Structures are given as C-alpha cells and as structure tokens.
Amino acid sequence: MKNVLIIGSTGQIGSELTMKLRGLYPEGNVVAGYIPGAEPKGILLESGPSAVADVRDGASIAKIVSEYKIDTIYNLAALLSAVAEKKPLLAWDIQMNGLLNILEVARENGCAVFTPSSIGSFGPETPHTNTPQDTIQRPRSMYGVTKVATELLSDYYFHKYGVDTRSVRFPGLISNVTLPGGGTTDYAVEIYYAAVKGEEFKCPIASGTFMDMMYMPDALKAAVDIMNADPDKLIHRNSFNIASMSFDPEILYNKIREHIPDFKMKYEVDPVRQAIADSWPDRMDDSCAREEWGWKPSFDLDSMTVDMLAALRRKFGIVG
Ligand code: SER
C-alpha cells in the first residue's frame, strides 16, 4: 500500500483515515476522494491531493486510479442504517452499483479494495452473544442487505478474478472529529457531545440494548492492518468480525457520569433505530481476526471515555 484512494474521505471514517494514511505513507499519493457538496477542507485539503470520486461514476474512479497510480482503494461511500431505511433505492445504488464500479476498476488496474462491512450485516436469527465469524446473516434492513451483498461480491471478485479484497465488520464507531450521519449507533457519539456541552441527552435507543462499539483509533488501526496482513495467513477475507467493547445506553450514561455527575439523560426511543438495534449482535466473537492477522484493540469504555471527554472539551474550548 503506497498510493491510496479514499472514497468518502470527508465522512466519519474517511476524514481520520485519510490523515492517518498520509502520515504512514508520506512518499505516496493518498488521494482524498469526495463528492461535490462534501469537499475536503482545512488540513484534509491542504495535506495532500483530492479529487471528485463518485462511486456511481466508474469513469471518475478509473481516472484517479490511472493519474495517481493507485494500488489500494478504501471504499467508504455508504448511507448508514437509519438513513438507508428512508432512502433504500439510493442506498442500493451507492452501496451495490457503486461497489461493482469500484471492483471493476480494481480488476482492470490490479488494485486492492477495502469496503467495510458492519454489525448491520447480521439479523434477528443471528446468535446475539459471541456472534461467530461464520454464522446466519439474514438482516432485514436495506443497510444490512447491502452489507451482506458487499461481503459476497467482494469475495466473488477475489475468488474469480484474484482482486485483493479484504474487510472488517465494524461495530458502531465513536469519534470526536467528524459526526456520523444517520446510523443506529450514533447515539453513542452524540451522548458525549451533549455531556460536554452540559445538555440533557435524549436517547433514541432503549435501556438494555447492547451493541458492539469501537473507538475510532482502533477502527483505523484495523482498516490499515487488514490491508497490510500477510495474505497467506488469511482464511477469511470479507469480512472479519472485530470487537472491543459492548454496552447499553445505561452503562454508557453511568460511565460518563463518573466524570460529569450532573449529566442528565432521558429516553425518547426511535422505533426505526430500535428495531434495527434489536436485530444486531450484542457482542461479536473476533477470534478469527485475532488469529489470522493479529487484531487487538487498545481502548475499552474507560479509556475511550476519558479520551472522548478531553478531546471534545478541547474542541469546544470548555474547561473540564
Ligand atoms: N454505525 C452503523 C450504523 O449504525 C453500523 O455499522 O448504521
């Protein structure tokens, strides 16, 4: 990995992954791909090349791949679960037709491709605790349908054409740089913003609903490490369970209150998000990722909470 295209570089993952890759590969081209209306700004714009990369326009991807001699594509374009339920056709277009365009460009140009999957690729019949690597995947959300199909299509391109596709099933990702847009796990980010700003948090997910979550530095490490893993050791490819912590809103709220004792939360459950959350694992078994490419997270709920609160206080100039 040296010359890399990040599609969706201004999104929640892309904005941080692009900067991390530029730090790791200062001699290479790390291109921030974006769609009009979501242009990179500030350090993301100034620290390296950027280009319009719309997954629904394969020619725009092929042009960048050829111009910058791209060897690895991070395909991060997606509508998250709650938004995808409102716009299922658009979600299908971006996630499936877009993926096909990228895989074709990769096939023609010898690129490796990372397209994330998710806890959303599981469904109500999936075992919810210690969810195995290989198990039932019958999601009922459009987001989940596209994620299962992404895993299958990516594996198809590997087996049929030798395209080096690899991926992880991300838990809900918690970060302090760019907000996620319209996911079921977003509450676990928004709650920190409310706590730091001294606002009461209205929680859209019911008490007792456990989901896998992960702090962004661990997610970025996974995205880099899987693409650098020794291919001979990979039994699986698309896509690996990765886990680091699992909690429900009440546990998260009480953890934040250890630092901000007067923080208030009340429940205003969103039925769409709740139904999705109920169908997802409580906690995935990530032993295959640990064995096949050495996955090991660094953050737990305690250390993430300390770091999130400090980072958000700095961001908003709040003295803690
Ligand atoms: N964070 C995503 C969502 O909530 C799941 O991968 O939609």
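Given the structure is predicted, the values throughout are model-derived calculations rather than measurements. Just follow the structure's listing: the first ligand is 1, and inside any ligand the first atom is 1. The first residue of the sequence shown is numbered 1, and numbering continues consecutively from there.
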Report, in ascending order of atom number, the atoms of ligand 1 lying under 4.0 Å from any heavy atom of [X].
{"X": "Ser81", "result": "3 (C), 4 (O), 7 (O)"}
{"X": "Ser118", "result": "5 (C), 6 (O)"}
{"X": "Trp280", "result": "3 (C), 4 (O), 5 (C), 7 (O)"}

### Message
Quick test of your reading of the model: are Asp71 and Lys2 salt-bridged, counting only N-O distances below 4.0 Å?
### Response
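Result for this pair is no, no salt bridge flagged.
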### Query
Which residue and non-hydrogen atom of the protein lie closest to atom 1 (N) of ligand 1, and at what distance in Å?
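Here the closest protein heavy atom is Thr185 OG1, 2.8 Å.
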### atom 4 (O) of ligand 1: nearest protein contact (heavy atom, Å)
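The closest one turns out to be Thr184 N, 2.6 Å.
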### Exercise: do Asp278 and Gln274 side chains pair donor with acceptor under 3.5 Å
yes
### Query
Any side-chain donor paired with an acceptor under 3.5 Å for Arg22 and Ser47?
yes
Using a 3.5 Å cut-off and no angle test, enumerate the donor-acceptor pairs between side-chain atoms of residues 180-191 and protein atoms at least two apart in sequence or in another chain.
{"residue": "Thr184", "atom": "OG1", "partner": "Ser81", "partner atom": "OG", "Å": "2.7"}
{"residue": "Asp186", "atom": "OD1", "partner": "Gly183", "partner atom": "N", "Å": "3.1"}
{"residue": "Asp186", "atom": "OD2", "partner": "Gly182", "partner atom": "N", "Å": "3.0"}
{"residue": "Asp186", "atom": "OD2", "partner": "Gly183", "partner atom": "N", "Å": "2.9"}

Which pairs would a plain distance check flag for residues 192-205, meaning a side-chain donor or acceptor within less than 3.5 Å of a matching protein atom at least two apart in sequence or in another chain?
{"residue": "Tyr192", "atom": "OH", "partner": "Thr305", "partner atom": "OG1", "Å": "2.8"}
{"residue": "Tyr193", "atom": "OH", "partner": "Lys315", "partner atom": "NZ", "Å": "3.4"}

### Task
Report the part of Tyr187 in contact with ligand 1, treating N, CA, C, O as backbone and CB onward as side chain, heavy atoms under 4.0 Å; options are side chain, backbone, both, neither.
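None of Tyr187 does.
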